[in-house]
Amino acid sequence: QLQLVESGGGLVKPGGSLRLSCTASGFTLDHYAIGWFRQAPGKEREGVSCHNSKDGSTYYADSVKDRFTISRDSAQNTMTLQMNSLKSEDTAVYYCAAIAPQRITSIRAMCLFATKTNLDSWGQGTQVTVSS
């Protein structure tokens, strides 16, 4: 069974930083395209950042570009999302996800069109609240 578990969410003031982690079990994360998604109350799900280890391609939503960084730790079988210069509009539940790279046409497509039902694995989510 492919499982992902997020950690690292919490309350942070505007301008602060948080680092989200996602640990995989039951599969090797390096063999998958990975992504971080978020959903705020009353808003549609947004693909924040996605990365394909097969070709090294990375996608960032315009709303987080130059502030967020996606990365992997092969030894720990984890993925992380470093979030800097946080804004109130970053408040959301953040989810990590993985999909076999042969199932996507591009990493941008994964972030824009992937859903919980068509991904290979989807975490339970971690709350990030940015507020003073």
Side-chain angles (χ1 to χ4, degrees):
Q1 187 178 4
L2 310 183
Q3 288 191 324
L4 293 170
V5 178
E6 302 94 340
S7 62
L11 174 64
V12 63
K13 293 182 179 180
S17 297
L18 274 178
R19 185 178 180 89
L20 303 183
S21 293
C22 177
T23 301
S25 61
F27 66 108
T28 301
L29 209 52
D30 273 355
H31 298 165
Y32 285 75
I34 61 171
W36 287 94
F37 298 79
R38 67 185 181 187
Q39 187 158 23
K43 293 188 177 181
E44 292 189 357
R45 175 193 54 82
E46 177 184 24
V48 174
S49 181
C50 295
H51 176 261
N52 190 352
S53 62
K54 190 175 182 180
D55 59 12
S57 57
T58 305
Y59 169 88
Y60 290 99
D62 288 342
S63 57
V64 306
K65 203 169 290 183
D66 299 325
R67 297 190 298 123
F68 290 11
T69 303
I70 190 172
S71 62
R72 302 171 184 257
D73 184 332
S74 300
Q76 300 295 323
N77 207 28
T78 60
M79 67 173 93
T80 62
L81 184 68
Q82 178 66 42
M83 305 185 294
N84 299 328
S85 303
L86 283 162
K87 306 175 181 179
S88 58
E89 51 263 45
D90 294 319
T91 295
V93 177
Y94 284 71
Y95 302 88
C96 57
I99 188 170
Q102 60 266 27
R103 296 185 59 206
I104 58 173
T105 55
S106 71
I107 204 63
R108 179 176 179 271
M110 176 185 178
C111 256
L112 293 181
F113 305 120
T115 65
K116 188 176 180 178
T117 56
N118 63 23
L119 289 160
D120 290 316
S121 189
W122 180 268
Q124 293 300 305
T126 186
Q127 177 69 46
V128 172
T129 302
V130 185
S131 174
S132 56

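These numbers come from the heavy atoms of this one structure, side chains and all, not from hydrogens, waters or symmetry mates.
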Derivation of the side-chain contact (heavy atoms from CB on, under 4.5 Å) call for Gln82 and Leu20: CA-CA 6 Å; Gln82 178 66 42; Leu20 303 183; over 6 Å; no
Chi angles and distances behind the side-chain contact (heavy atoms from CB on, under 4.5 Å) call for Lys54, His31: CA-CA 8 Å; Lys54 190 175 182 180; His31 298 165; over 6 Å; no
side-chain hydrogen bond (donor to acceptor under 3.5 Å, both in side chains) evaluation trace for Gln39 with Arg45: CA-CA 5 Å; Gln39 187 158 23; Arg45 175 193 54 82; over 6 Å; no
Audit row: Arg38, Thr91, side-chain contact (heavy atoms from CB on, under 4.5 Å) steps and yes/no: CA-CA 9 Å; Arg38 67 185 181 187; Thr91 295; over 6 Å; no
Derivation of the side-chain hydrogen bond (donor to acceptor under 3.5 Å, both in side chains) call for Asp55 and Ser57: CA-CA 6 Å; Asp55 59 12; Ser57 57; 2.6 Å; yes
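A distance of 9.5 Å separates CG in Asp66 from OG in Ser85, rounded to the nearest 0.5 Å. To the nearest 0.5 Å, atoms OG (Ser25) and CD (Gln1) are separated by 8.0 Å. With rounding to the nearest 0.5 angstrom, the CE atom of Met83 is 11.5 Å from the OG atom of Ser49.
Taking every heavy atom of both residues into account, Asn52 and Pro101 meet most closely at OD1-CB, 3.6 Å. Annotation for Glu46 and Ala61: closest pair OE2-CB, 3.7 Å, computed over non-hydrogen atoms. In plain terms, the two heavy atoms of Ile107 and His51 that are nearest each other are CD1-C, 3.4 Å. Of all non-hydrogen atoms in Val128 and Gly9, the two that sit nearest each other are CG2-CA, 4.2 Å. Between Leu2 and Gly26, the shortest heavy-atom distance links the atoms CD2-O, 3.6 Å. The shortest non-hydrogen separation linking Gly35 to Met79 is O-SD, 4.0 Å.
Put simply, Val12 and Val48 are part of the same group of oily side chains (I, L, V, M, F, W, Y) that touch within less than 4.5 Å, one to the next. Cluster annotation: Ile99 is connected to Phe37 through the hydrophobic network of ILVMFWY side chains, with a link wherever side-chain heavy atoms come within less than 4.5 Å. In terms of hydrophobic clustering, with Ile, Leu, Val, Met, Phe, Trp and Tyr side chains grouped at heavy-atom distances under 4.5 Å, Trp122 and Phe113 are assigned to a common cluster.
Leu18 has its side chain within reach of Leu86: a pair of non-hydrogen atoms, C-beta onward, lies under 4.5 Å apart. Counting heavy atoms from C-beta outward, Ile70 and Ile34 have side chains that approach closer than 4.5 Å. At a threshold of 4.5 Å between non-hydrogen side-chain atoms, the residues Met110 and Leu119 count as touching. Annotation: side chain of Arg19 is not in contact with side chain of Thr69 (no heavy-atom distance under 4.5 Å). Phe68 has its side chain within reach of Leu81: a pair of non-hydrogen atoms, C-beta onward, lies under 4.5 Å apart.
For the residue pair Asp73 and Thr78, no side-chain donor N or O sits within less than 3.5 Å of a side-chain acceptor on the partner. Counting only N and O atoms by type, the side chains of Ser53 and Asp30 include no donor and acceptor under 3.5 Å apart. Side-chain N/O atoms of Thr129 and Ser131 include no donor and acceptor closer than 3.5 Å. Of the N and O atoms on the side chains of Thr80 and Ser71, at least one donor lies less than 3.5 Å from an acceptor on the other residue. Looking only at atom types and distance, the side chain of Tyr59 has no donor-acceptor partner in the side chain of Arg108 under 3.5 Å away.
Arg103 meets the salt bridge (charged side-chain N to carboxylate O under 4.0 Å, His left out) test with Asp120; sequence neighbours excluded. With sequence neighbours left out, Asp62 forms a salt bridge (charged side-chain N to carboxylate O under 4.0 Å, His left out) with Lys65.
Note: Trp36 and Tyr95 fail the aromatic proximity criterion, with ring centroids not under 6.0 Å apart. Ring-centre distance between Tyr32 and Phe27: below the 6.0 Å cut-off.
In this structure, Asn118 contributes its side chain and Thr115 its backbone to a donor-acceptor pair below 3.5 Å. Checking side-chain atoms of Thr126 against main-chain N and O of Glu6 turns up no donor-acceptor pair under 3.5 Å.
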